[in-house]
2 protein chains.
Amino acid sequence: MTGTARVDTARLMELLSVSLGAYYGDFTVAAASENLTASQGKALTVLRRGPAAMRALANTLTCDASNMTGIVDRLEKRGLVRREPNPCDRRIKNVLLTPEGERVADAIRAKMRTTQEGLDRLSDEERDSLHTLLETVFVPRPGTCGDDV
Amino acid sequence: MTGTARVDTARLMELLSVSLGAYYGDFTVAAASENLTASQGKALTVLRRGPAAMRALANTLTCDASNMTGIVDRLEKRGLVRREPNPCDRRIKNVLLTPEGERVADAIRAKMRTTQEGLDRLSDEERDSLHTLLETVFVPRPGTCGDDV
DNA sequence: TATTGTTATACTCTATAACTATA
DNA sequence: TATAGTTATAGAGTATAACAATA
């Protein structure tokens, strides 16, 4: 069998680009339906995994630390997050979701119908396979660097 | 064997969020190294697949049509794209990459080292599998709608 | 001396609404 | 009447540089 035609890196990168575009579009529409910008929605999504310092949040969102002040200010004004001083290092402020923030973060994910319907096309085995592959490609293995970036 | 533990949708969505966040970060840094914003870089990447009308470009980038004017203006001012009237419908302007625009688009992709190194961890069979799975999830099957949106 | 978060600034992105030209 | 692209506007995102508080 010549079942496995080599898929070159350029083609995979191109497909990742298309996939990201589709996912990001779905996400942007879902966030907008909650009256949130894409950046605000992304911040909520990241914080859904747990509290984070301002700077760690900026690193995860790939933006300068100075941007986080305004983004968190607006989320805090709407009661979706709050700042909390870190007793171990008084320079640091941890940001965490309020219950309302958790509700909105979950609502955004629930509204991403296009992506969910795409995942629904996969069998259990395929879902397991996709999970493993994405982890291999995108989740850095411990041993490289345990902290932020 | 209980080899296949069910991977639920929420977990896959979470992993997609992390994976595409990593891809987006890699892309943003690569675009910045060419003195381009993420939106400008995205426009170049989309146009690398071929010319597109202003409105189709806006739809692909999930932004309002009015935004494309400024984005394309700046890219045109730098000689990376140019507008071309559509002879069939004089309302439409097609946007296409200049040779320099093609060079920059390729340079951005080449600089996405983190993503490429992630893909390098996969065997040929795994690359083929990832390709198939991403297409299944994110590339709409013909029969739904052939046009833009 | 280095780091965290903030502020000030300038530029870019974004959606909304209104406009022109064309279909 | 509807659509493609543009313009004007206001709010949000973005990087840079400079700052105060803390380590």
Side-chain angles (χ1 to χ4, degrees), chain A residues 21 24-25 27-46 51-78 80-96 147-149, chain B residues 24-25 27-44 46 51-78 80-96 147-149:
Chain A
Y24 184 73
F27 179 82
T28 300
V29 170
S33 77
E34 293 286 334
N35 288 308
L36 291 171
T37 66
S39 291
Q40 290 169 345
K42 262 190 281 187
L44 289 190
T45 299
V46 170
M54 294 290 289
R55 188 158 299 260
L57 204 47
N59 287 335
T60 303
L61 299 187
T62 325
C63 69
D64 191 84
S66 61
N67 301 329
M68 290 315 308
T69 301
I71 294 174
V72 171
D73 278 352
R74 292 175 198 105
L75 291 173
E76 197 167 31
K77 201 170 299 179
R78 287 184 48 176
L80 302 179
V81 307
R82 61 189 173 82
R83 289 168 163 97
E84 196 172 65
N86 183 328
C88 303
D89 185 337
R90 292 192 298 175
R91 294 174 301 180
I92 294 177
K93 290 177 188 173
N94 289 321
V95 187
L96 48 152
D147 255 19
D148 53 8
V149 170
Chain B
Y24 183 75
F27 177 82
T28 300
V29 170
S33 76
E34 294 286 336
N35 289 307
L36 292 170
T37 65
S39 291
Q40 291 168 345
K42 261 190 283 185
L44 288 190
V46 170
M54 295 290 289
R55 189 159 297 262
L57 205 47
N59 287 335
T60 303
L61 299 187
T62 324
C63 69
D64 191 83
S66 62
N67 301 328
M68 290 315 308
T69 301
I71 294 174
V72 170
D73 278 352
R74 290 174 199 107
L75 291 174
E76 197 168 30
K77 201 170 300 178
R78 286 184 49 176
L80 302 179
V81 307
R82 61 188 172 82
R83 289 170 164 97
E84 196 172 64
N86 184 328
C88 303
D89 186 337
R90 292 192 299 176
R91 294 173 302 181
I92 296 177
K93 291 178 189 173
N94 289 321
V95 187
L96 46 154
D147 256 16
D148 53 10
V149 164

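Within every chain, numbering begins at 1; the chains are lettered A, B, ... in the order of the sequence lines, protein sequences first and strands thereafter. Please read these numbers as outputs of a predicted model, since none were measured by experiment.
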Taking the side chain as everything from C-beta on, heavy atoms only, tell me whether [X] gets closer than 4.5 Å to [Y].
X        : Y        : value
Cys63(B) : Met68(B) : yes
Ile71(B) : Leu57(B) : no
Asn67(B) : Leu61(B) : no

How many Å lie between [atom1] on [X] and [atom2] on [N], as a whole number?
X        : N       : atom1 : atom2 : result
Leu36(A) : dG11(D) : CG    : C1'   : 14 Å
Met68(B) : dA15(C) : CE    : C1'   : 14 Å
Arg78(B) : dC11(C) : CZ    : P     : 16 Å
Asn94(B) : dA4(D)  : CG    : P     : 12 Å
Ile92(B) : dA21(C) : CD1   : C1'   : 13 Å
Met54(B) : dT6(D)  : CE    : C1'   : 8 Å
Arg55(A) : dG5(C)  : CZ    : P     : 6 Å
Asn86(B) : dT22(C) : CG    : P     : 14 Å

- Message: Between Glu84(B) and Val95(B) (side chain of the first, backbone of the second, donor and acceptor by atom type, cut-off under 3.5 Å), is there such a pair?
- Response: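 No, Glu84(B) side chain to Val95(B) backbone: no donor-acceptor pair under 3.5 Å.
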- Message: Using a 3.5 Å distance criterion without hydrogens, assess whether the side chain of Arg78(A) forms a donor-acceptor pair with backbone atoms of Arg74(A).
- Response: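 Here the side-chain-to-backbone pair does not exist.
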- Task: Would you mind checking if Arg83(A) and Asp73(A) are paired as a salt bridge, meaning a charged N to carboxylate O distance below 4.0 Å?
- Result: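 A salt bridge is present here (some side-chain N lies under 4.0 Å from a carboxylate O).
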- Which heavy-atom pair separates Ala31(A) from Thr37(A) by the least distance, and what is that distance?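 Of all heavy-atom pairs spanning Ala31(A) and Thr37(A), the closest is CB-O, 4.0 Å.
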- Name all residues meeting the salt bridge (charged side-chain N to carboxylate O under 4.0 Å, His left out) criterion together with Asp89(A); count only those two or more places apart in sequence or in a different chain, and write none if there are none.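 Asp89(A) satisfies salt bridge (charged side-chain N to carboxylate O under 4.0 Å, His left out) with Arg91(A) once adjacent residues are dropped.
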- Query: Base, sugar-phosphate alone, or nothing: which one does Ala32(A) contact when heavy atoms must sit under 4.0 Å apart?
  - Reply: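 Answer is nothing: Ala32(A) stays at 4.0 Å or more from every strand.
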- Task: Take the C1' atoms of the five end pairs on each side of the helix from dT1(C)-dA23(D) to dA23(C)-dT1(D), derive the two axes, and give their angle rounded to 10 degrees.
- Result: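 The end-segment axes of the helix from dT1(C)-dA23(D) to dA23(C)-dT1(D) are tilted 10° relative to each other.
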- Looking at CG of Asn94(B) and CG of Asn86(B), how far apart are the two atoms once the value is rounded to the nearest 0.5 Å?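 Atom-to-atom, Asn94(B):CG and Asn86(B):CG are 5.0 Å apart.
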- What string of B, S and - do you get for nucleotides 13-23 of chain D 5' to 3' if you count protein non-hydrogen atoms under 4.0 Å? SBBBB---BBS
